[in-house]
Amino acid sequence: ITKQKSDNVGDKPNSSTMLRLRKSVQQRHQARALEEQEHDAKVVKDVEDVEDSEEEPEEGGASDDNSADEDESGEEDQDEDEGEGQDGGEDSDGDADSDAEPPVNKKKKLEGPKPAWHDDDDASVRVNVAAKPQLRKLRETEDEEVVKGTVFSSKLRGQFERVHGQASWADRSRRQVVREDDDEGASDGGEEADDHDSESILRTTAKLLTRKSGQIPRDVLDISRVRDGNARHANASVVQSVKFHPTAPALLTAGLDKTMRLFQVDGKKNMLLQSTYFRDLPMFSADFSADGSEIIVSGRRSFFYTFNLETGKPTRISKLQGVPDKSLELMRVSPDQKHIVFGASNGRLLLVSQQTKQLVAELKMNQSTRNLAFSGDGSKMVSSGDEGKVYVWDMNTRNCVHVFQDEGSINTTALAMSPNGEHIVVGSDSGVVNIYDSTCLSSRMPAPIKSAMNLTTPITTLDMSHDGQILFMGSRSKKNAARLFNMNTLTAFKNWPDQKLPLHYVNASAFSAHSGYFAVGNDKGKVPLFRLNHYKYA
């Protein structure tokens, strides 16, 4: 077995790959925990400020009551008369607090050292933003060349916020300003002031109590391009598969150059973690297991490989017993950690156990198998072929529970299913993408809720974000043939892709675990990477 491995696989195993991934996950969890602690501290501080503001009027009221008898100035007598009028004519001795002047909390700033990013010498520095290609994106006009250092610093800060969002830890105004009440709220006092304080606390803790991103914008998507996912080591051929790790910030690329690469994704460096060369397997499909402990790769061969991230070693799974097929290029991994499904000839679906890597069952369609897709929990699977029919499978019973005809389609070329199973998306060779809701599961000739006709060439790639709000559709038959689709409004985003975006011929796509990143694999061996700023976490 060892000899066979060395003959067929040329790899650069790195036993610390999983340790690096675990370290990345730990760092991410620590960063989130630190952020939550800062939110908690801010909440506690706001509550203390509210309590202090409630105690101050009582103390002030008592002192004002004692000084009212001794002070005979006309101004204070006038204030007392006004207070009695507001209190409905009650005696000032009966309610001393009503005569008290309500405190006004003014903006309090904490004195401290200047920020580390503040440099007095910036004013004397001059930077040519047209000299290097990396700086030209900072220009507001094409004629802009030399700018002051302070302007250059502001441009860099703006570019960072557009790509990564606003860094709350660097916002001194949010940390130093305690609270500033409106004059009206301070003068009203009583229940209205309490309501104002309560609303302020709720506004402060909203992000702490809920981590939902909410609905995405209707027409314009907040998206920024960052450094290519495989910029450190581009593929030598077409990128056939792109996948994100389910828990760690890692990106997997595989293609016809027989090399599987694993990158640590941060949008800046995207360091190469692992590179493994398979001598006898040009890869068409690659994916992580549901728990992220291993990678499964396959191609136009009767065997496939698994790669253990714990040990950094690949394992060849020889020809499946009783399977005559010489190609396992169509492969999907179920999200429930149970099956690896291969599309075989004559409409057969091969179910292989993820634990034993042995064939456990065969499913049969009445047409050739072209596409597969799972629901988010792995309980349902959909498949289609060259007759325009979509098969729905119950993976618990391994039975076909429904078959429906895709409207206007003769040959389906791509499939996708929303994580919650509410939508089934079908792409055809005409470029039309039909979107169905759950009613398609009860009708053999359902009508789609939307037929997207944004592309005119065969759809080869469909993918959905983790919350089902964004749909990606792409075609490898035409340059830059790709769209991002809003599943809430059933409309395409107008600002992506733009004319200058070098997507080339799209062969693969993937959203990260929390949809913060989106990647596309093309024919140039590159993986353009984008940051979806609507999602807080990657």
Side-chain angles (χ1 to χ4, degrees), residues 28 31-32 35 39 134-140 154-171 173-174 203 206-208 210-229 231 242 244 249 251 265-270 416 418-419 423 425 435 450 452 454 461-474 480-503 506 509-521 527-538:
R28 175 183 290 184
R32 292 184 184 179
E35 182 180 355
H39 278 291
Q134 294 87 346
L135 301 181
R136 291 172 187 169
K137 60 187 175 183
L138 301 177
R139 297 182 298 175
E140 296 180 0
S154 177
K155 289 177 178 291
L156 289 177
R157 188 175 295 108
Q159 176 67 13
F160 176 87
E161 291 180 355
R162 283 193 295 272
V163 175
H164 301 285
Q166 186 176 9
S168 58
W169 56 267
D171 192 349
S173 62
R174 292 177 60 186
R203 286 196 300 269
K207 291 184 179 180
L208 178 65
T210 175
R211 296 293 181 180
K212 294 181 180 179
S213 299
Q215 286 195 351
I216 54 177
R218 176 183 176 85
D219 298 320
V220 179
L221 185 63
D222 189 3
I223 183 172
S224 306
R225 186 182 178 187
V226 296
R227 190 176 188 184
D228 286 358
V242 175
F244 283 92
L251 174 69
V265 178
D266 58 7
K268 299 177 182 178
K269 296 181 179 180
N270 300 333
S418 60
H423 296 98
V425 185
I435 302 174
K450 177 69 177 181
N454 304 88
T461 304
L462 290 174
D463 205 354
M464 299 192 76
S465 60
H466 80 289
D467 56 1
Q469 292 196 79
I470 302 178
L471 168 69
F472 171 79
M473 56 182 75
N480 292 338
R483 293 292 185 274
L484 285 174
F485 204 78
N486 189 332
M487 292 295 291
N488 296 325
T489 61
L490 299 179
T491 56
F493 291 103
K494 297 179 180 180
N495 63 322
W496 194 95
D498 56 37
Q499 296 179 352
K500 298 181 180 179
L501 192 60
L503 292 179
V506 175
S509 65
F511 288 91
S512 60
H514 299 283
S515 303
Y517 285 112
F518 170 69
V520 173
V527 180
L529 185 64
F530 303 89
R531 181 69 171 93
L532 299 177
N533 300 312
H534 172 77
Y535 297 101
K536 184 174 183 180
Y537 299 124

*Report yes if some heavy atom in the side chain of Ile470 is under 4.5 Å from a heavy atom in the side chain of Leu221; otherwise report no.*
yes
*Does any donor atom in the side chain of Ser515 or Asp467 lie under 3.5 Å from an acceptor atom in the other side chain?*
no
*Closest approach of Lys268 to Asp266 (non-hydrogen atoms, all atoms of both residues)*: N-OD1, 2.9 Å
*How many angstroms lie between atom CG of Leu503 and atom CZ of Arg225, to the nearest 0.5 angstrom?*
8.0 Å
*What closest approach, in Å, do Asp463 and Ala510 show between heavy atoms, and which atom pair accounts for it?*
OD2-CA, 3.1 Å
*Hey, could you give me the CG/CZ distance between Asn454 and Phe493, rounded to the nearest 0.5 Å?*
12.0 Å
*What is the distance from atom CG of Leu135 to atom CG of Leu156, rounded to the nearest 0.5 Å?*
7.5 Å
_Qualifying residue, where the test is ring pair (Phe, Tyr, Trp, His ring centres under 6.0 Å) with His466 and the options are Tyr535, Phe511, Phe518_ = Tyr535
_Asn270 side chain vs Arg227 backbone, donor-acceptor pair below 3.5 Å_ = yes
*Going from CZ on Phe485 to CD1 on Ile435, what distance comes out if it is rounded to the nearest 0.5 angstrom?*
4.5 Å
*Taking all non-hydrogen atoms of both residues into account, name the closest pair between Pro528 and Pro502 and its distance.*
CG-O, 4.3 Å
_Nearest-0.5 Å distance, CG of residue Asp219 to CG of residue Asn486_ = 8.0 Å
*Is there a donor-acceptor pair under 3.5 Å between the side chain of Gln469 and the backbone N or O of Gly214?*
yes
*Where is the tightest heavy-atom contact between His534 and Pro217, given as atom of each residue plus distance?*
ND1-CD, 4.3 Å
*Answer yes or no: is there a side-chain heavy-atom contact under 4.5 Å between Val242 and Val520?*
no
_Quick check: closest heavy atoms across Val226 and Gly267, and the distance to 0.1 Å?_
CB-O, 3.5 Å
*Could Arg483 and Phe472 be counted as a cation-pi pair, given that NZ or CZ must be under 6.0 Å from the ring centre and within 45° of the axis?*
no
*Just how far is it from atom NZ of Lys137 to atom NZ of Lys155, taken to the nearest 0.5 Å?*
13.0 Å
*So, do Tyr517 and Leu251 sit near enough that their side-chain heavy atoms are less than 4.5 Å apart?*
no
_Go through it in stages, so that I can follow the logic: the residues are Leu484 and Ile223, the test is side chain to side chain contact (heavy atoms under 4.5 Å, CB included), and I'd like the CA-CA distance, side-chain angles, deciding distance and then a yes or no._
CA-CA 11 Å; Leu484 285 174; Ile223 183 172; 4.1 Å; yes
*Quick one: closest heavy-atom pair of Val506 and Ala482, and the distance?*
CG2-CB, 4.3 Å
*Does Phe530 have any ring pair (Phe, Tyr, Trp, His ring centres under 6.0 Å) partners at least two apart in sequence or in another chain, and if so, which?*
Trp496
*Spell out, as yes or no, whether a donor-acceptor pair under 3.5 Å connects the side chain of Ser418 to the backbone of Gly468.*
no
